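Data first, discussion second: the structure below is written as structure tokens.
Remember, predicted model here, so these are calculated numbers, not experimental data. Naming convention: chains lettered A, B, ... in sequence-line order (proteins, then strands); numbering from 1 in each chain.
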Protein chains: 2
Amino acid sequence: MGYSIGQTAKMMNVTTHTLRYYEKEGLLPFVRKNASGLRVFSDNDLGWLAMIECLKETGMPLKGIKQYIDWYIEGDATLQQRLDMFKAQKQKVEEQIALYRKHLDKINYKINMYTEAVKRGSWDKMMEEKLLAEEKKKRFGK
Amino acid sequence: MGYSIGQTAKMMNVTTHTLRYYEKEGLLPFVRKNASGLRVFSDNDLGWLAMIECLKETGMPLKGIKQYIDWYIEGDATLQQRLDMFKAQKQKVEEQIALYRKHLDKINYKINMYTEAVKRGSWDKMMEEKLLAEEKKKRFGK
DNA sequence: ACATAATATAGAGTTAGCTTTAAGTCCGAT
DNA sequence: ATCGGACTTAAAGCTAACTCTATATTATGT
């Protein structure tokens, strides 16, 4: 019913250094310490870490995550802010996915061109110019 | 048939500083300068910038982008490397999208919980524990 | 012609998010 | 009881990708 910093680090795929750093930055305000000063992580703490991971990997800076945690500590008066934050994050992620898709199209186009080029053993300038014209249209066409 | 650094910056949504920085880092080896030393960007350069943007925004570090450019300059002998690079990038983007989706699910769950909580005006610990149990199952269940 | 806006170079400074180092203390096993 | 490994704090160091400063030169509008 409690994990050492090392066990926690392994489970959450981070280093012990990172966990201490997060704590110092105020991202883990609920972690206890035992009689000899060692950190004891609870399942609840792992839950917080999972959420930190989620927000971090979707592009929220640690400061933003800390803000959420501070709101959480403040209590029910900040429920609306927290909801708004998650809604904003949702939108950000959806936009990000859309952007990735757009870039994926370009990458696929390049893969087609290079697959051709590798087959022929040479890079065809014509293809590049065609792509360039396409790009240009996109930039000015809107 | 040529753009100043300022025009280019505006078109590509970057600063002039960034463009000079990219050039210094070897990411824009084809940009010319006129008689008095001012940079003149061609449509081809804008094409390169669009590709830099694509690779950068899909998570490739500038060093990786420079590697591609160096391969390009080397010529047809590196066609296979360049194809492989785009294939690897494609996979990375697809994985990233999958991860974002997973995180989006978590965020949506939170939004539901907080929407409820805001309606009732208080945060229900029960809900949190339910979510926690879910998390725990995911971590150990695989 | 002249003010001012844009550009040039070189180099220092900034920010986020770790990562490493130094100098220890604590604990489990032989 | 002692050794290796995990842990402690505090602080310096690192990397990426800009961002800004200072000083000088060039281009543009009236």
What does B:S4 touch in the nucleic acid at a heavy-atom separation under 4.0 angstrom: a base, only the sugar-phosphate, or nothing? sugar-phosphate
Can you check whether A:I111's main-chain N or O pairs, donor with acceptor, with A:T115's side chain at less than 3.5 Å? yes
Of all the choices, D:dA27, D:dT19, D:dT9, which nucleotide is nearest to the side chain of B:T18 once you look at every atom? D:dT19
Please confirm whether the backbone N or O of A:S4 pairs with a side-chain atom of A:Q7, one donor and one acceptor, at under 3.5 Å? yes
Contacts of B:D84 meeting side chain to side chain donor-acceptor pair (under 3.5 Å) (sequence neighbours excluded), chain-then-number -> B:Q80
Rounded to whole angstrom units, what separation is found between the CG atom of A:L38 and the C1' atom of D:dA6? 8 Å
According to salt bridge (charged side-chain N to carboxylate O under 4.0 Å, His left out), does anything in residues 27-39 of chain A pair up with another residue at least two apart or in another chain? List the pairs. A:E23-A:R39
What salt bridge (charged side-chain N to carboxylate O under 4.0 Å, His left out) pairs are there with at least one residue in residues 87-100 of chain A, not counting sequence neighbours? none
Distance, rounded to the nearest Å, where B:L19 contributes CG and D:dT19 contributes C1': 13 Å
Counting the atoms with a prime plus P, OP1 and OP2 as sugar-phosphate, which does B:R39 contact under 4.0 Å by heavy atoms, base, sugar-phosphate, or nothing? sugar-phosphate
Is it the case that the side chain of B:T78 and the backbone of B:Q81 share a donor-acceptor pair, with hydrogens and angles ignored and the cut-off at 3.5 Å? no
Are A:L49 and B:L99 in one and the same hydrophobic cluster, where Ile, Leu, Val, Met, Phe, Trp and Tyr link if side-chain heavy atoms are under 4.5 Å apart? no
Identify, residue by residue, the members of residues 22-36 of chain B with a heavy atom below 4.0 Å from DNA chain D, and return them in order of residue number, or none. B:Y22, B:S36
Atom pair distance, as rounded to whole Å: CD1 in B:I65 and C1' in D:dA17: 11 Å
For atom OH of A:Y21 and atom P of D:dT8, their distance in whole Å: 18 Å
Taking atom P of D:dC18 as reference, at what distance in whole Å does atom CE of B:M12 sit? 13 Å
Look only at the side chain of A:N34 and the backbone of A:V40, and say whether a donor-acceptor pair between them is shorter than 3.5 Å. no
Sequence-distant partners of A:S42, side chain to side chain donor-acceptor pair (under 3.5 Å), two or more places apart: A:D45
Using the C1' atoms of five pairs at each end, what's the angle between the two axes of the helix from C:dA1-D:dT30 to C:dT30-D:dA1, to 10 degrees? 10°
Which residues pass the side chain to side chain donor-acceptor pair (under 3.5 Å) test with B:T16, not counting sequence neighbours? none
Taking for A:M60 and for B:G6 the nucleotide of DNA chain C with the nearest heavy atom, the one nearer the 5' end belongs to B:G6
Rounded to whole Å, the CD1-P distance (B:I5 to D:dT25) equals 19 Å
Which donor-acceptor pairs under 3.5 Å do the side chains of residues 59-71 of chain A make with protein atoms, sequence neighbours left out?
| unit_1 | atom_1 | unit_2 | atom_2 | d |
| --- | --- | --- | --- | --- |
| A:K66 | NZ | A:D70 | OD1 | 3.1 |
| A:K66 | NZ | A:D70 | OD2 | 3.1 |
| A:Q67 | OE1 | A:W71 | NE1 | 3.4 |
| A:Y68 | OH | B:Y114 | OH | 2.8 |

Check nucleotides 20-24 of chain D against the protein and report each pair of N or O atoms closer than 3.5 Å, with its distance, or say if there are none.
none

Non-neighbouring partners of A:R120 that pass salt bridge (charged side-chain N to carboxylate O under 4.0 Å, His left out), sequence neighbours left out: A:E116
Would you confirm whether the ring centroid of B:W48 sits within less than 6.0 angstrom of the ring centroid of B:Y72? yes
Return the set of residues passing side chain to side chain donor-acceptor pair (under 3.5 Å) with A:Q96 (not counting sequence neighbours), or none when no residue passes. none
The first and last nucleotides of DNA chain C lying within contact of chain A, meaning any atom under 4.0 Å from one of its heavy atoms, run from C:dA16 to C:dC27
